[in-house]
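What follows is a short report on a single structure.
Every chain is numbered from 1 and lettered A, B, ... according to where its sequence line falls, protein lines coming before strand lines.
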Amino acid sequence: MLDPKRLRTELDEVARQLARRGFILPTDRIRELEAQRKSLQVRTQELQSERNTRSKSIGRAKAAGEDIQPLLDEVASLGDRLKVAEAELEEVQAALQQIYLGIPNLPDTSVPDGSDEEDNREERTWGDIPRFDFEPKDHVDIGEALSGLDFDAAAKLTGSRFVVMHGPVARLHRALTQFMLDVHTSEHGYRETYVPYMVNSDSLYGTGQLPKFAEDLFHLEDTDYYLIPTAEVPVTNLVRDVILEADQLPCRWVAHTPCFRSEAGAYGRDTRGMIRQHQFDKVELVQAVRPEESFDVLEQLTGHAEAILQKLELPYRVVTLCTGDLGFSSAKTYDLEVWLPGQGRYREISSCSNFLDFQARRLKARWRNPETGRPELLHTLNGSGLAVGRTLVAVLENYQQADGSVAIPEALRPYMGGVERISPP
RNA sequence: GGAGAGGUGGCAGAGCGGUUGAAUGCAACGGUCUUGAAAACCGUCGAGGGUUGACGCCCUCCCAGGGUUCGAAUCCCUGCCUCUCCGCCA
């Protein structure tokens, strides 16, 4: 959520910045509601004040043994007037809140203008795109030849966009997870964290998935529980309603969780293979930091995710998302895109974002600033480090051999019992 | 699933329906003292919001949401959560 004070004082400027990402701010409506809010709030508080002082004097009179009936008659209508005023105020505030919760974050000035991923800005590339002296297959063919990926079985068990993994491929998937967790905990200073895979709606409001993106989520019937679309939700919500001391920052968490996404509106996109699944595993990096540090931390955090790709020797590029591709809560996002020989192009494997105080305001996530002595909003960031399923895809495709086997990246071999390659049975 | 107890400030822990946003203790912060530190003593010390040029004034919040009342941390209802015992279970 944006700062309501800023929406009052700099409404047109905010609207201009939001227009960069194609969001039309209803400025007239906001101005109208804010004017109503102001007068209603003043009136309500005056009535409350009157109630308080009169009630206190009744208390005093009663204690003094005086007749309080005349005083009671005086306040007879006050309660009703107050109730009306409070109800009106609440209505206006709810209307404002509804608008405010639907406003995306402001894009940082360094974010390029654009409408979709075509306009994302490439920052750098790493690694050499592999050349094959045979026609490279995609992970579906490779995985099926290895008897390691079974999409038909998953379709039977559940439906489309799920996968069953077997044998060495399943182990490779697990190895990737362990490897990522180990690197982030031992080399990058993150604290390993285990969280629920279901969260309540408060948590989803906190990180910004609700109220706008309910259709992307799996909701458990007759409950307030949702399957998490990313570990970002439970992990970032650790700081909800918390005031951290300065020496507790930065907080760095790494969590491995499955992620569940309905992929509503993705009909027909990436239907083949495990690029786009309803359930996939991800190792997520989350940080809560001092405001002045967040942009530096974004660079570091992106580097932490890149380190995994580098250790796995997977070629990738880094792009800055343009205003039109930016996520709802993010002020700036770097995507890491890994090279997939089966598709002959780069595909997103990590998304690293700085949310500034946007999530923190919804979460009431604060820290005590020693300079002011006051609780102030902190900044939150997160990034995939990495999406495990897509990393498996990238390993299978980039390390495939002419004979249908797949070499195991050096860094993963300790996690694979020393196995150097996996071959079709 | 059954029975009971409870949710108050960073923590601990009081709080007859009436100047209680909340005693007290600890912690924290500032000061005195000290060569320095500790101890002792003095003081400050919850959060959010409205209004104001400013000093200030005002409002809200004692798990959440309703209700009773002139007045609710205190009474009533509902929900959530925690704890204890029994049952069941990985």
Side-chain angles (χ1 to χ4, degrees), chain A residues 1-9 11 30-97 99-101 194-206 210 219-220 222-226 234 237-249 251 288 357-378:
Chain A
M1 196 161 80
L2 299 176
D3 184 357
K5 280 183 188 147
R6 196 159 168 210
L7 282 161
R8 279 172 218 151
T9 56
L11 187 59
I30 292 174
R31 258 188 265 272
E32 180 194 355
L33 285 169
E34 280 290 0
Q36 289 177 21
R37 190 221 93 239
K38 185 165 174 170
S39 68
L40 280 170
Q41 186 163 352
V42 169
R43 182 144 58 88
T44 303
Q45 292 186 354
E46 280 170 359
L47 288 170
Q48 287 171 330
S49 181
E50 188 180 344
R51 174 201 61 195
N52 292 346
T53 52
R54 283 183 183 271
S55 291
K56 278 175 187 168
S57 62
I58 289 174
R60 272 194 301 268
K62 199 176 177 187
E66 297 167 15
D67 178 15
I68 60 169
Q69 193 54 47
L71 293 171
L72 291 182
D73 294 341
E74 274 177 39
V75 295
S77 72
L78 203 150
D80 289 337
R81 281 187 291 148
L82 179 55
K83 259 184 187 137
V84 170
E86 282 175 337
E88 284 175 356
L89 176 61
E90 195 176 333
E91 199 178 322
V92 171
Q93 280 179 326
L96 275 170
Q97 185 74 353
I99 292 173
Y100 289 171
L101 283 173
Y194 174 89
V195 290
Y197 301 159
M198 299 178 209
V199 292
N200 57 35
S201 54
D202 285 346
S203 294
L204 289 156
Y205 275 96
L210 288 178
H219 179 214
L220 280 89
D222 299 326
T223 71
D224 187 42
Y225 294 170
Y226 296 77
N237 271 275
L238 289 172
V239 292
R240 172 150 58 91
D241 296 320
V242 168
I243 301 174
L244 291 164
E245 297 303 324
D247 62 8
Q248 295 177 280
L249 295 176
C251 293
D357 61 13
F358 186 87
Q359 290 182 327
R361 185 167 291 107
R362 291 171 166 241
L363 294 163
K364 297 184 189 65
R366 293 166 293 174
W367 69 300
R368 198 171 292 279
N369 184 345
E371 289 179 18
T372 61
R374 314 296 306 170
E376 296 174 10
L377 295 173
L378 45 75

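If you find the closest nucleotide of RNA chain B to A:I58 and to A:Y225, the one lying nearer the 5' end belongs to A:I58. Nucleotides of RNA chain B nearest to A:T44 and A:E90 differ in position, and the one nearer the 5' end is that of A:T44.
When both pairing distances are held under 3.5 Å, B:C45 makes no Watson-Crick or G-U pair with any nucleotide shown. Across all strands shown, B:U69 forms no Watson-Crick or G-U wobble pair with both distances under 3.5 Å. Across every strand in view, B:U82 sits in a pair with B:A5 that passes the Watson-Crick or G-U test at under 3.5 angstrom. Shown here, B:G87 forms no base pair; nothing in the strands shown gives a Watson-Crick or G-U wobble contact with both key distances under 3.5 Å. With a cut-off of 3.5 Å on both Watson-Crick or G-U wobble distances, the partner of B:U20 is given as none.
Comparing the P positions of B:G25 and B:C83 gives a spacing of 31 Å, expressed to the nearest Å. Between the P atoms of B:A39 and B:A28, the separation comes to 9 Å (whole Å). Atom name P, nucleotides B:G13 and B:C63: the rounded distance is 15 Å, in whole Å. Taking atom C1' in both B:G9 and B:U24, the straight-line distance is 13 Å, to the nearest Å. Rounded to whole Å, the P atom of B:U19 lies 32 Å from the corresponding atom of B:G79. Nucleotides B:A72 and B:U20 place their C1' atoms 12 Å apart, quoted to the nearest Å. A gap of 10 Å separates the P atoms of B:C59 and B:G21, to the nearest Å. Only the P atoms considered, B:A23 is 14 Å distant from B:C16, to the nearest whole Å.
We find that CG of A:D224 is positioned 21 Å from P of B:U78, with the value rounded to whole Å. For the pair A:R54 CZ and B:G71 P, the computed distance is 13 Å after rounding to whole Å. Taking atom CG of A:D247 as the reference point, atom P of B:C29 lies 11 Å away to the nearest angstrom. The nearest whole Å value for the distance from the NZ atom in A:K56 to the C1' atom in B:U20 is 9 Å. For the pair A:N200 CG and B:G79 C1', the interatomic distance rounds to 14 Å; values are reported in whole Å. The CZ-P distance, from A:R240 to B:C80, rounds to 17 Å in whole Å. Rounded to an integer number of Å, the gap from A:E46 CD to B:C57 P is 17 Å. Residue A:Q69 contributes atom CD, which lies 14 Å from atom P of B:U69 at whole-angstrom precision.
Around the OH atom of A:Y225, the shell of radius 6.0 Å holds no more than 12 heavy atoms that belong to other residues, nucleotides or ligands.
For A:A87, there are no side-chain contact (heavy atoms from CB on, under 4.5 Å) partners at least two apart in sequence or on another chain.
Contact annotation: the side chain of A:T44 approaches that of A:L82 to within less than 4.5 Å [non-hydrogen atoms, C-beta and beyond]. Put simply, the side chain of A:N200 reaches to within 4.5 Å of the side chain of A:S203, judged on heavy atoms. Under the 4.5 Å side-chain criterion, counting only non-hydrogen atoms from C-beta, A:W367 is not in contact with A:E245. Within the 4.5 Å cutoff, the side chain of A:R8 has no heavy atoms near those of the A:K38 side chain. Taking the side chain as every heavy atom from C-beta outward, A:V75 and A:E50 never approach each other to under 4.5 Å.
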Legend entry - Letter per nucleotide, 5' to 3', of nucleotides 47-56 of chain B [B base touched, S only sugar-phosphate touched, - untouched; heavy atoms, 4.0 Å]: SSBSS-----
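OP1 or OP2 of B:C58 has not a single side-chain nitrogen or oxygen of A:S49 nearer than 4.0 Å. Distances shown here put a side-chain N or O of A:N52 below 4.0 Å from the OP1 or OP2 atom of B:U60. Between A:R51 and B:C58, a side-chain N or O to OP1/OP2 separation shorter than 4.0 Å is absent.
Under 4.0 Å is where a charged nitrogen must lie from a carboxylate oxygen, and between A:R37 and A:E34 at least one such pair does.
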Legend entry - Residue pair A:Q48, A:E86: steps toward the side chain to side chain donor-acceptor pair (under 3.5 Å) verdict: CA-CA 9 Å; A:Q48 287 171 330; A:E86 282 175 337; 3.0 Å; yes
